[in-house]
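In what follows, a single structure is set out as structure tokens and then discussed.
Below, chains carry the letters A, B, ... as their sequence lines are ordered, and counting in each starts from 1.
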2 protein chains.
Amino acid sequence: MSEKILVVDDHILFSQSLKGLINSLQDFEVLDVLKNGQELVTYYESNKIKPDIVLLDIRMPVMDGIETMEWFKENFPDQKVLALTMEHEEETIIKMLKLGCRGYLLKDIDPDEFRYAMETVLQSGYYYSNEVAEVILHSEDKRKDQFTKRELEFLHLVCSERTYKEIAGEMNLSPKTIDGYREQLFAKLNAKSRTGVVLYAIKNKVVSI
Amino acid sequence: MSEKILVVDDHILFSQSLKGLINSLQDFEVLDVLKNGQELVTYYESNKIKPDIVLLDIRMPVMDGIETMEWFKENFPDQKVLALTMEHEEETIIKMLKLGCRGYLLKDIDPDEFRYAMETVLQSGYYYSNEVAEVILHSEDKRKDQFTKRELEFLHLVCSERTYKEIAGEMNLSPKTIDGYREQLFAKLNAKSRTGVVLYAIKNKVVSI
DNA sequence: CTTTACAAGGGGAAAATTCCCCTTTTTAAG
DNA sequence: CTTAAAAAGGGGAATTTTCCCCTTGTAAAG
């Protein structure tokens, strides 16, 4: 009896190719190939066969992987979902895992490991590649470097063309306090200029533009 | 007689899946699957069968797609190469085409169109998807707003923690000249601070981080 | 109780950025 | 030929950012 797989990825060439590969694996068959989270919601809302595993990309238009995981958490919290993506950014990995994702696969995984990952999830419920395990291991450490509420507020304003004086006005603070926050961010981010802070914030997706 | 394809992509799951799909197409067969430009150079330097088409990803470690195209231009200028990538950044598209790439495929192409693209390249030499054709059509317009060579050089250095004085040293210019360039960028980008310039450059993917 | 973290703030000044007024030379397009 | 663009650069100064030295008060944890 075949394990049923649903593939959700907007890169059609990839998803169709992957369908071929999965169908060539003994014990696995692809139920359908969907292009985004919205199509998946529609699929679940119709009386179609539910899959054993959902392979879910993250970067998709209309409804992305994170949003889709949020929907699963609320509607089908036990559905086994494996992220399958190029995104190896820590924040994304942690977020997906917290939302109940059973594993996180990068697209450079080889087909044997891919098959092993699916089998592991079906048997024990979770699969972590070495890279992802590293991220989880170090994520507790990283938490120590998180920003305070006020710092984060300041950081968002720093990533704009406002002068510090203007930022002080917006936050109802003295320019001297702003200078204090600037100093705190410099220390935390090992930055030596506002530009450095901005580059860090955007690069690490603390702030989006 | 089958058309011979070489797949160059570091995402193994994708490339192995794609191999399966291509091999399932009548008249096509995959010679080999390589992980980066360096592996491809090694392949060409050995006495192996040359492919009819190379499917080449851009973002790869060790030797990327651009570098690989440069190698082809110098060593096998007539080799038919199709870019196959997620990168829909205009600068990248133009660069690849200028280096002799016969077509530029995005990974959200469907398998039928994919097959048609390969057939078109084999027959007439070139294939452009609608999206890429748009880029080419508008790239002449855009050139009017493009940065000069020196401005671009400066812009990349601005998106760093170097002081203008340091940038002047790196570009072998006077700080007054740097100030001139700063002014030029401010005018072109309607910016009023270095932070504004940095935000624009990153947002519009003129500079990547 | 002490210590730490967070929030808010000060004095003073050096360094960096921005601004405002220009210049000359070379090259390419009309 | 003229004009515009690109490249390189200058004097001078105001504004902003960064730096270095601190402070107090509150809340939470040990």
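Atom CD of A/Gln184 and atom C1' of C/dG9 are 12 Å apart (whole Å). Taking atom CZ on A/Arg182 and atom P on C/dA7, their separation rounds to 17 Å, with Å as the unit. C/dA8 atom P lies 11 Å from atom CD of A/Glu151, rounded to whole Å. Residue B/Glu183 contributes atom CD, which lies 18 Å from atom P of D/dG12 at whole-angstrom precision. Distance NZ (A/Lys149) to P (C/dA7): 9 Å, rounded to an integer number of Å. If you measure from atom NZ of A/Lys192 to atom C1' of C/dA15, you get 14 Å, rounded to the nearest angstrom. Per the geometry, NZ belonging to A/Lys188 stands 10 Å off P belonging to C/dA5, to the nearest Å. Spacing between atom OH of A/Tyr181 and atom P of C/dA5 amounts to 15 Å, rounded to whole angstrom units.
Ring orientation note: the planes of B/Phe72 and B/Tyr44 are nearly perpendicular, at an angle over 60° on the 30°/60° scale. Note on ring orientation: taking the six-membered ring where Trp is involved, the planes of B/Tyr127 and B/Tyr116 are perpendicular (angle over 60°, cut-offs 30° and 60°).
Remark: A/Leu34 CG to A/Met60 CE distance equals 9.0 Å, nearest 0.5 Å.
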Can you give each donor-acceptor pair under 3.5 Å made by side-chain atoms of residues 198-209 of chain B, sequence neighbours left out, with the distance rounded to 0.1 Å?
unit_1: B/Asn204; atom_1: ND2; unit_2: B/Tyr200; atom_2: O; d: 3.0

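Looking at residues two or more places apart in sequence or on another chain, you find a salt bridge (Lys or Arg N to Asp or Glu O under 4.0 Å) between A/Glu39 and A/Lys35.
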Tabulate protein N/O versus nucleotide N/O from nucleotides 26-30 of chain D, keeping only pairs under 3.5 Å, one per line.
none

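Taking every heavy atom of residues 157-180 of chain A and every atom of DNA chain D, pairs under 4.0 Å involve A/Thr163, A/Tyr164, A/Asp179, by number.
Within a 6.0 Å radius of CZ in A/Arg150, more than 12 heavy atoms belonging to other residues, nucleotides or ligands are found.
Pairs of residues two or more places apart, or lying in two chains, that qualify as side chain to side chain donor-acceptor pair (under 3.5 Å) and include a residue from residues 4-16 of chain A are A/Asp9-A/Lys107.
Inter-residue side-chain proximity for A/Leu155 and A/Glu151 is flagged as unmet; no heavy-atom pair is nearer than 4.5 Å. Within the 4.5 Å cutoff, the side chain of A/Leu13 has no heavy atoms near those of the B/Asp108 side chain. Within the 4.5 Å cutoff, the side chain of B/Phe114 has heavy atoms near those of the B/Leu55 side chain.
Between its two ends, the helix from C/dC1-D/dG30 to C/dG30-D/dC1 turns its axis by 50°, counting five pairs per end and rounding to 10 degrees.
In this model, the phosphate group of D/dT16 is not approached by any side-chain N or O of B/Ser193 to a distance below 4.0 Å at OP1 or OP2. Taking only side-chain nitrogens and oxygens, B/Arg150 never comes nearer than 4.0 Å to OP1 or OP2 of D/dA6.
The cationic group of A/Arg194 lies under 6.0 Å from the six-membered ring centre of A/Tyr164 and within 45° of the ring axis, placing it in a cation-pi geometry.
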